[in-house]
Amino acid sequence: MSQIHRAVAIDGPAASGKSTVARRLAASLGLIMVNSGAMYRAVTWQILQDGVDPSDADAVIRALEGMEIGCGIEDGLSTIAIKGRHLTTEVREPQVNDAVSKVASIPEVRERLVEMQREYLTDNDVVMEGRDIGSVVFPDSPFKLYIDASEEVRAARRSKDGEADAVAKRDAQDRQRKASPLKISEGAIVIDSSHLTIDEVVGEAREALIKLGWDD
Ligand code: CDP
């Protein structure tokens, strides 16, 4: 891992507001923002396109072997392409929501994507959001945040966005899996966003970073 660049790790459950906060924080600190969930979603989308059963780990691993995955940065935000196709809104389709936690529980999938996630730090200071960023991807970073919200608030936010997404089920799968489960990393500052506006969460996140030693 690079010693020169800094990583802000933001973890938390589905629809806790991490992505919005990560994007705003990255913009205000002049860092790039990497959405690691989009990478798990992109692999899942491709697997479904290929007609592979997401519950069949061996078949997923075989499909992953030949899969060309391209990670980039555009306007300060991470991008993801598979087989040369840039994936955006398709990764938020309901069938991806349903299958992504299964695919993300496969250690071989995680290994490949974690390696690509760490590469972002070689040339950039990053805010990266996901489930295992503080615990596995950048465990040595002192800048760890965990954004939470009550289950009711999170389910309501997702349905307000018009998305069919069983957040409680996905969270249970993400917390119970053996490989890099969702948890609060040691040293992370927890922010409960249930009753806060986005501006308030971003403000708390900035204060938390200063407490953790961020100095600009
Ligand atoms: O929809 P939401 O933004 O809450 O989730 P996401 O960040 O897009 O992540 C989608 C799924 O990818 C999660 O439910 C996890 O199963 C998986 N994921 C993971 O395992 N590790 C990460 N670092 C990020 C996402």
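For the single chain, residues carry numbers from 1 onward in sequence order. Whatever order the structure lists ligands and atoms in, that order sets their numbers, starting from 1.
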Report task. Classify the contact between R110 and ligand 1 as side chain, backbone, both or neither, using a heavy-atom distance cut-off of under 4.0 Å. Result -> side chain
Query raised in the report: For atom 17 (C) of ligand 1, what is the nearest protein heavy atom, given as residue, atom name and distance?
Result: A104 CB, 3.7 Å
Report summary line: If we number the atoms of ligand 1 from 1 as shown, the ones under 4.0 Å from a heavy atom of A15 are 4 (O)
Query raised in the report: Does a side-chain N-to-carboxylate-O contact under 4.0 Å join D50 and K83?
Result: yes
**Report entry** Stepwise side-chain contact (heavy atoms from CB on, under 4.5 Å) test for M128 and V8
**Finding:** CA-CA 6 Å; M128 190 174 293; V8 175; over 6 Å; no
**Report entry** D132 neighbourhood, listing ligand 1 atoms whose heavy-atom distance to it stays under 4.0 Å
**Finding:** 21 (N), 22 (C), 23 (N)
Query - SB check E65 R112 (cutoff 4.0 Å) - result: no
Report task. Consider ligand 1: state whether an atom of it lies below 4.0 angstrom from any non-hydrogen atom of R92. Result -> yes
Query raised in the report: Is it true that R110 and D132 make a salt bridge, defined as a side-chain N closer than 4.0 Å to a carboxylate O?
Result: yes
**Report entry** Side-chain touch I191/D148, heavy atoms, less than 4.5 angstrom
**Finding:** no
Query raised in the report: Where the side chain of R154 meets the backbone of A149, is there a donor-acceptor pair that is under 3.5 Å apart?
Result: yes
Report task. With heavy atoms under 4.0 Å as the rule, classify the contact between R158 and ligand 1 as side chain, backbone, both or neither. Result -> side chain
Query raised in the report: Can you tell me which residue and heavy atom of the protein come closest to atom 10 (C) of ligand 1, and the distance to 0.1 Å?
Result: R170 NH1, 3.4 Å
Query raised in the report: So which of N35, V100, V103 actually passes side chain to side chain contact (heavy atoms under 4.5 Å, CB included) with R41?
Result: V100
Query raised in the report: What part of R131, side chain from CB on, backbone N/CA/C/O, both or neither, has a heavy atom under 4.0 Å from ligand 1?
Result: both
**Report entry** atom 16 (O) of ligand 1 - nearest protein heavy atom and its distance
**Finding:** D174 OD1, 2.7 Å
**Report entry** Protein heavy atom at shortest distance from atom 25 (C) of ligand 1
**Finding:** G37 CA, 3.5 Å
Query - N/O separation below 3.5 Å, I133 to ligand 1 - result: no
Query - Any donor-acceptor N/O pair, R157 side chain to S16 backbone, under 3.5 Å - result: yes
Query - N or O pair under 3.5 Å between Y40 and ligand 1 - result: no
Query raised in the report: Going by heavy atoms, is K18 under 4.0 Å from ligand 1?
Result: yes
Requested in this report: Tell me, with the steps shown, if D11 and K183 meet salt bridge (charged side-chain N to carboxylate O under 4.0 Å, His left out).
Outcome: CA-CA 8 Å; D11 292 301; K183 62 174 183 199; over 6 Å; no
Requested in this report: Report the part of S180 (side chain from C-beta onward, or backbone N, CA, C, O) that has a heavy atom under 4.0 Å from ligand 1; answer both or neither where that applies.
Outcome: neither
Report task. Report, in ascending order of atom number, the atoms of ligand 1 lying under 4.0 Å from any heavy atom of V100. Result -> 11 (C), 12 (O)
Query - Ligand-side contact atoms (ligand 1) for residue partner A14, heavy atom cut-off under 4.0 Å - result: 4 (O)
Report task. Return yes or no for this condition: an N or O of R41 is under 3.5 Å from an N or O of ligand 1. Result -> yes
Query - N/O donor-acceptor pair under 3.5 Å between Y120 side chain and G72 backbone - result: yes
Query - ligand 1 versus R177: contacting region, heavy-atom distance under 4.0 Å - result: side chain
**Report entry** atom 24 (C) of ligand 1 [closest protein heavy-atom partner, distance rounded to 0.1 Å]
**Finding:** S36 OG, 3.3 Å
Query raised in the report: Is it true that a side-chain atom of D125 and a backbone atom of R6 form a donor plus acceptor pair closer than 3.5 Å?
Result: yes
